[in-house]
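Computation of the quantities below employed the complete heavy-atom set of this structure, encompassing side-chain atoms and omitting hydrogens, waters and symmetry-equivalent molecules. Chain letters run A, B, ... following the sequence lines, proteins first, then strands; residues in each count from 1.
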Number of protein chains: 2
Amino acid sequence: MTTKADTYLLENNVNPSYQRVKIMEYLLRKKNHPNIDMIFNNLKKEMPKLSKTTIYNTLKLFIKRNLVSPLTIEDNMLRYDADTKIHGHFKCINCGIITDINLDLKNMNRDELPGYTIFEHHVNFKGRCNKKSCNKKSFNKNKNGNTNWEKSA
Amino acid sequence: MTTKADTYLLENNVNPSYQRVKIMEYLLRKKNHPNIDMIFNNLKKEMPKLSKTTIYNTLKLFIKRNLVSPLTIEDNMLRYDADTKIHGHFKCINCGIITDINLDLKNMNRDELPGYTIFEHHVNFKGRCNKKSCNKKSFNKNKNGNTNWEKSA
DNA sequence: TTGTATATTTGCAACGATTACATTTTTTAT
DNA sequence: ATAAAAAATGTAATCGTTGCAAATATACAA
C-alpha cells in the first residue's frame, strides 16, 4: 500500500521504511507540534516494538531533509513540526495548545542586520488563547499553588 | 560598598546577597547572553566556593522578578539576558555570538490572534553575521566533517 | 534461491543540563 | 549573644537526548 506519506518521503530521498512512514503520517495527520513522547505513546499502540531511539533518529533525518522543523517553545523539550514554511507559534499557557501564526519578517532583516545571512527564523509567543476556559478568573493551579502561567517559586 | 547592581536588586525586592549581586553585575557588564557555565566559570575565579546550584536558584529568582529573561536559542541549554525589553536575537552559527535585534511585532497580534493575550515574545534568528571571518569560503568543520551550520548526519 | 552487504531498528548505557533536597553558612532580629 | 530566617552549598536524582553494539530487515549479486 502506498500512502501519501510514503510518496512524500520517496520524493525527498528518504527510504520509506515502515517506522518512518508511520511517524511522518502521525505528523501530517495530527499537526499538533508533538514532542517525542507524544509520538511514542500514540504509535506504540499499533507498533508495540517501537523504540524511542528510532523516533529520535527518524526526526533527525527528517530535519536534515527539511521535512520537519524542530520547535523549542518549551524550555526542556523539543517539539516537531511537519510544516517547514516560515511561520510563528503561539502557546497557550493554560490549555497548552500550540497555534500556528503567519509571519512576514522580510523587511526587518535589512535595517537590523546589515550583511547578515539568515538561515532560520524562530518566532514564539506565550499567553492565553481566546477559548473561554482559558480566560476565566480561576486559573488552573499546579502543585505549587501557582497558576500554570506564573513562574514557580 | 553599594554598587549599581546592588541598588537595582533592592529596587526590585531582591535581597542583594553577595552572590546575587555578583551574578547580576556579570549579566549587566557582559551582556553576552551567557549560559550557566559561562557565568560559573567566570565568577568562580573570584568566588572559589560558588556553587552552580546558587546560580540556578539566583537566575530563577531573577526571572520571577522580571530582571532576567531566559533565552532558548540553543536547543539544549538555557541562556540568560538581563535586558527584559522586548527584542529579538540573532546567533551566528560560525562565531556563536548572539546579537540583539530591535523588534516591533505589535501589529501582527491583532490580525493573527484575535482575543489572545500575549505575555512573552521570543524571536530568534540563526545565520552568519557580517564579520569577514564568518563569511569566508572555508567554514569551520566539526568532528563529523560538517560545517557548524549543517545538521550532523 | 541463497548468501552477503547494507540499511534500519532496537535496547540499553551513558551523558549533560537542570532540579531536589538535606546540610552548612550567613544574615537578621531580638 | 542567641535564636530564627534566609541563602548558599554539595551531592544525588531526574529527565531529555545521544552513543553504541547487537538484532532485524532489506537489497542485490551470484
Side-chain angles (χ1 to χ4, degrees), chain A residues 2 5-6 9-10 12-24 26 33-41 43-44 46-65 68 70-80 142-144 146 151-153, chain B residues 1-2 5-6 9-10 12-24 26 33-41 43-44 46-65 67-68 70-80 142-144 146 151-153:
Chain A
T2 302
D6 193 287
L9 293 182
L10 278 171
N12 287 277
N13 298 311
V14 174
N15 193 340
S17 73
Y18 181 69
Q19 287 83 348
R20 288 171 180 173
V21 170
K22 287 294 183 188
I23 292 168
M24 180 53 79
Y26 177 90
H33 313 87
N35 59 33
I36 293 288
D37 276 7
M38 293 165 75
I39 303 172
F40 179 72
N41 290 326
L43 291 184
K44 78 176 175 194
E46 49 175 329
M47 305 163 69
K49 297 207 61 189
L50 180 64
S51 160
K52 269 190 192 177
T53 306
T54 298
I55 303 178
Y56 278 106
N57 291 341
T58 302
L59 289 169
K60 194 164 290 188
L61 175 64
F62 288 173
I63 290 169
K64 199 180 169 191
R65 293 284 199 277
V68 161
L71 179 60
T72 58
I73 201 167
E74 212 68 67
D75 291 343
N76 276 327
M77 198 184 313
L78 279 173
R79 290 170 174 270
Y80 300 90
N142 64 21
K143 65 188 161 91
N144 299 315
N146 300 302
K151 306 291 193 310
S152 297
Chain B
M1 174 198 57
T2 302
D6 194 285
L9 293 181
L10 277 170
N12 287 277
N13 297 312
V14 175
N15 194 340
S17 72
Y18 181 69
Q19 287 83 348
R20 288 171 179 172
V21 170
K22 286 295 182 186
I23 292 169
M24 180 54 80
Y26 176 89
H33 314 87
N35 59 34
I36 294 286
D37 275 8
M38 292 165 73
I39 302 172
F40 179 72
N41 290 325
L43 291 184
K44 79 175 173 194
E46 48 174 331
M47 306 164 70
K49 297 206 63 188
L50 180 64
S51 159
K52 270 191 191 176
T53 306
T54 298
I55 303 178
Y56 277 105
N57 291 340
T58 301
L59 289 169
K60 194 163 290 186
L61 176 63
F62 288 173
I63 290 169
K64 199 180 171 192
R65 293 286 197 278
L67 304 179
V68 162
L71 179 60
T72 57
I73 202 168
E74 213 69 67
D75 292 342
N76 275 326
M77 198 186 310
L78 279 173
R79 290 170 174 272
Y80 301 89
N142 65 21
K143 65 187 161 91
N144 299 315
N146 301 302
K151 306 290 197 307
S152 297

Just N and O in the side chain of B/K49: are any of them under 4.0 Å from OP1 or OP2 of C/dT25? no
Separation of C/dT9 C1' from A/Y18 OH (nearest whole Å): 13 Å
Under 3.5 Å donor-acceptor pair, A/S17 side-chain atoms to C/dT9 base atoms: no
How far does CD1 of A/I73 sit from CG of A/L78, to the nearest 0.5 angstrom? 12.5 Å
Would you say B/T53 places a side-chain N or O within less than 4.0 Å of OP1 or OP2 belonging to D/dA8? no
Please check the phosphate of D/dA6 (OP1 and OP2 only) for any side-chain N or O of B/R20 closer than 4.0 Å. no
Side-chain N or O of A/N35 less than 4.0 angstrom from OP1 or OP2 on D/dG16? no
OP1 or OP2 of C/dT26 less than 4.0 angstrom from a side-chain nitrogen or oxygen of B/Q19, does that happen here? no
Rounded to the nearest angstrom, tell me the gap between atom CE in A/M77 and atom P in D/dT14. 17 Å
The residue, B/K52 or B/N76, whose nearest nucleotide of DNA chain D is more 5′ is B/K52
Atom-pair distance (CG on B/L50; P on C/dT24), nearest Å: 20 Å
Indicate yes or no: at least one non-hydrogen side-chain atom of B/L67 is less than 4.5 angstrom from one of B/L9. yes
Can you tell me how far P of C/dT19 sits from CG of B/L59, to the nearest Å? 10 Å
Within the pair A/K60 and D/dT18, is there a side-chain N or O less than 4.0 Å away from OP1 or OP2? yes
Does A/E74 offer a backbone N or O that forms a donor-acceptor pair with the side chain of A/R79 under 3.5 Å? no
Just how far, in rounded Å, is C1' of C/dT9 from CG of A/L43? 14 Å
Test item: B/N35 side-chain N/O and B/D37 main-chain N/O as donor-acceptor pair under 3.5 Å: yes
Specify the separation, in whole Å, of atom CE of A/M47 and atom C1' of C/dT10. 12 Å
To the nearest Å, give me how far apart NZ (A/K22) and P (C/dT8) are. 19 Å
CZ of A/R79 versus P of D/dG16: gap in Å, rounded? 12 Å
Roughly how far apart are A/R20 CZ and A/T58 OG1, rounded to 0.5 Å? 6.0 Å
Can you tell me if A/N57 touches the phosphate of C/dT8, counting only side-chain N or O atoms and a distance under 4.0 Å to OP1 or OP2? no
Taking only N and O in the side chain of A/Y56, is any of them less than 4.0 Å away from OP1 or OP2 of D/dT18? no
